[in-house]
Amino acid sequence: EPEVTQTPSHQVTQMGQEVILRCVPISNHLYFYWYRQILGQKVEFLVSFYNNEISEKSEIFDDQFSVERPDGSNFTLKIRSTKLEDSAMYFCASRTGRGEKLFFGSGTQLSVL
Amino acid sequence: AQTVTQSQPEMSVQEAETVTLSCTYDTSENNYYLFWYKQPPSRQMILVIRQEAYKQQNATENRFSVNFQKAAKSFSLKISDSQLGDTAMYFCAFMNVWGAQKLVFGQGTRLTINP
């Protein structure tokens with residue numbers, strides 16, 4: 001089965017630093033998402049992206065967050081100035097079309113010290 | 001806004017037993033999708049089963065089946081002949097058919113299968 005690839009699997013950063021989390025969605029997919037999961041809590045929606053623009057974002061996705069699909073294959077999440085509370089597992093996901101199966105990546109564990 | 005509630009934080013059963021995980025949701029929509037995802041210790045999100053609200057027939061996938069009660073807004077997952085590999089967190093999730101089709105997750109149920 002095709003896979004969504006996320007790198008790195010674990011990233012450690014200092015508070016106030018910028019981080020970029022990288023994802024390579026499945027090649028023919030058109031809809032892209034970022035979710036996060038703080039340890040021991042539920043998975044929360046951050047942002048959805050379609051046709052080179054954000055289609056919806058949550059309250060969590062404030063001005064410190066941005067997404068980009070720079071080259072037609074990568075899909076990145078940038079956190080401009082990390083806070084301790086940004087420590088979480090970040091999942092990228094993608095699907096071919098509306099209502100189709102959503103494929104999740106294996107996640108990037110972000111630790112902010 | 002839609003909400004999803006899983007009222008069982010933890011469950012534990014013996015191998016080969018049948019176990020049912022509960023999920024309720026709140027929506028004013030008539031058509032939508034419901035899902036159960038499994039998250040093993042690796043934290044990978046694995047789709048277990050999916051139900052479309054306009055379909056009255058309950059979805060099944062091998063040992064996994066759902067009891068979808070639309071009027072009651074209830075969507076429980078039944079695991080038959082449970083196996084040690086079923087040990088994981090299980091998340092119920094809701095998705096609208098319109099808009100960005102984001103998933104709204106419940107808090108999860110930690111299921112342990114004992115040998």
Side-chain angles (χ1 to χ4, degrees), chain A residues 1-6 8-10 23 26 29-61 67 87-111, chain B residues 1-10 21-27 29-55 59 61 88-111:
Chain A
E1 190 169 67
E3 289 185 348
V4 174
T5 304
Q6 288 187 245
S9 57
H10 195 173
C23 170
I26 297 168
H29 286 193
L30 301 175
Y31 295 81
F32 312 106
Y33 302 82
W34 284 99
Y35 290 83
R36 80 168 188 192
Q37 184 183 32
I38 295 170
L39 186 63
Q41 297 186 22
K42 66 179 177 180
V43 180
E44 300 173 289
F45 168 76
L46 289 178
V47 65
S48 59
F49 192 86
Y50 169 71
N51 201 25
N52 284 319
E53 61 183 19
I54 290 173
S55 46
E56 186 172 344
K57 59 184 180 180
S58 71
E59 291 178 356
I60 303 167
F61 195 89
V67 289
S87 293
M89 178 74 91
Y90 288 80
F91 291 103
C92 174
S94 68
R95 61 162 58 100
T96 50
R98 298 186 63 75
E100 297 297 325
K101 179 181 174 180
L102 187 66
F103 288 78
F104 279 87
S106 53
T108 294
Q109 176 64 51
L110 176 65
S111 299
Chain B
Q2 286 80 18
T3 58
V4 178
T5 302
Q6 293 179 248
S7 58
Q8 304 152 314
E10 293 188 25
L21 309 183
S22 301
C23 172
T24 59
Y25 58 93
D26 187 28
T27 183
E29 300 293 331
N30 187 51
N31 199 13
Y32 44 86
Y33 299 90
L34 294 164
F35 305 86
W36 280 97
Y37 279 87
K38 171 184 178 181
Q39 189 180 45
S42 66
R43 298 187 74 183
Q44 176 77 35
M45 295 294 289
I46 302 166
L47 178 64
V48 174
I49 202 163
R50 155 189 164 137
Q51 175 80 41
E52 293 163 34
Y54 69 86
K55 290 186 178 177
E61 287 285 343
M89 281 290 287
Y90 286 81
F91 291 97
C92 178
F94 172 100
M95 186 178 85
N96 270 320
V97 297
W98 50 265
Q101 294 197 320
K102 66 185 183 198
L103 289 171
V104 177
F105 287 90
Q107 305 94 316
T109 296
R110 183 175 302 282
L111 176 65

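Basis for what follows: all heavy atoms, side chains included, without hydrogens, waters or symmetry-related copies. We name chains A, B, ... by the order of the sequence lines, and we start the count at 1 in each one.
The candidate with the highest count of non-hydrogen atom pairs below 4.5 Å against chain A, out of B:Q44, B:Q107, B:Q101, is B:Q101. Between chain B and the residues A:S106, A:G107, A:G40, A:S55, the largest count of heavy-atom pairs under 4.5 Å involves A:S106. If you tally non-hydrogen atom pairs under 4.5 Å between each of A:S58, A:S48, A:G99, A:A93 and chain B, the highest count goes to A:G99. Among B:A93, B:G108, B:G106, the residue with the largest count of heavy-atom pairs under 4.5 Å with chain A is B:G106. Of the listed residues (A:Y35, A:Y50, A:Y31), the one with the most heavy-atom contacts under 4.5 Å to chain B is A:Y35.
Proximity to chain A (any heavy atom under 4.5 Å) is shown, for B:M89, by neither the backbone nor the side chain. Contacts between A:L39 and chain B at a heavy-atom distance below 4.5 Å involve backbone atoms as well as side-chain atoms. Interface residue B:L103: backbone and side-chain heavy atoms are both found under 4.5 Å from chain A. Only the side chain of B:Q39 comes within contact range of chain A, judged by heavy atoms closer than 4.5 Å. Of the atoms belonging to B:Y37, it is side-chain heavy atoms, and not backbone ones, that fall under 4.5 Å from chain A. Residue B:R50 touches chain A through its side chain alone, counting heavy-atom pairs closer than 4.5 Å.
Residues from residues 3-10 of chain B never place a non-hydrogen atom less than 4.5 Å from a non-hydrogen atom of chain A.
More than 12 heavy atoms of other residues, nucleotides or ligands lie within 6.0 Å of CD in B:E29, so this atom counts as buried by the packing criterion.
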- Task: Show your reasoning for whether side chain to side chain contact (heavy atoms under 4.5 Å, CB included) applies to B:V104 and B:Y25.
- Result: CA-CA 10 Å; B:V104 177; B:Y25 58 93; over 6 Å; no

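Taking CG from A:N51 and CG from A:L30, the interatomic distance works out to 9.0 Å, rounded to the nearest 0.5 Å. The OH atom of B:Y32 sits 6.5 Å away from atom OG1 of B:T27, with the distance rounded to the nearest 0.5 Å. Expressed to the nearest 0.5 Å, how far CZ of B:F94 lies from OG1 of B:T24 amounts to 12.5 Å. With rounding to the nearest 0.5 Å, the separation of SG in A:C23 from OH in A:Y90 is 15.0 Å.
Here salt bridge (Lys or Arg N to Asp or Glu O under 4.0 Å) pairs that include residues 93-109 of chain A, with residues two or more places apart or in two chains, are A:E1-A:K101.
Of the possible donor and acceptor atoms, none in the side chain of A:Q37 sits under 3.5 Å from a partner among the backbone N and O of A:M89.
B:W36 is listed as a side-chain neighbour of B:L21, based on a closest heavy-atom distance under 4.5 Å.
Between A:F104 and A:F91, the two ring planes are perpendicular [angle over 60°; tilted spans 30° to 60°].
The shortest non-hydrogen separation linking A:P8 to A:T108 is O-OG1, 2.5 Å.
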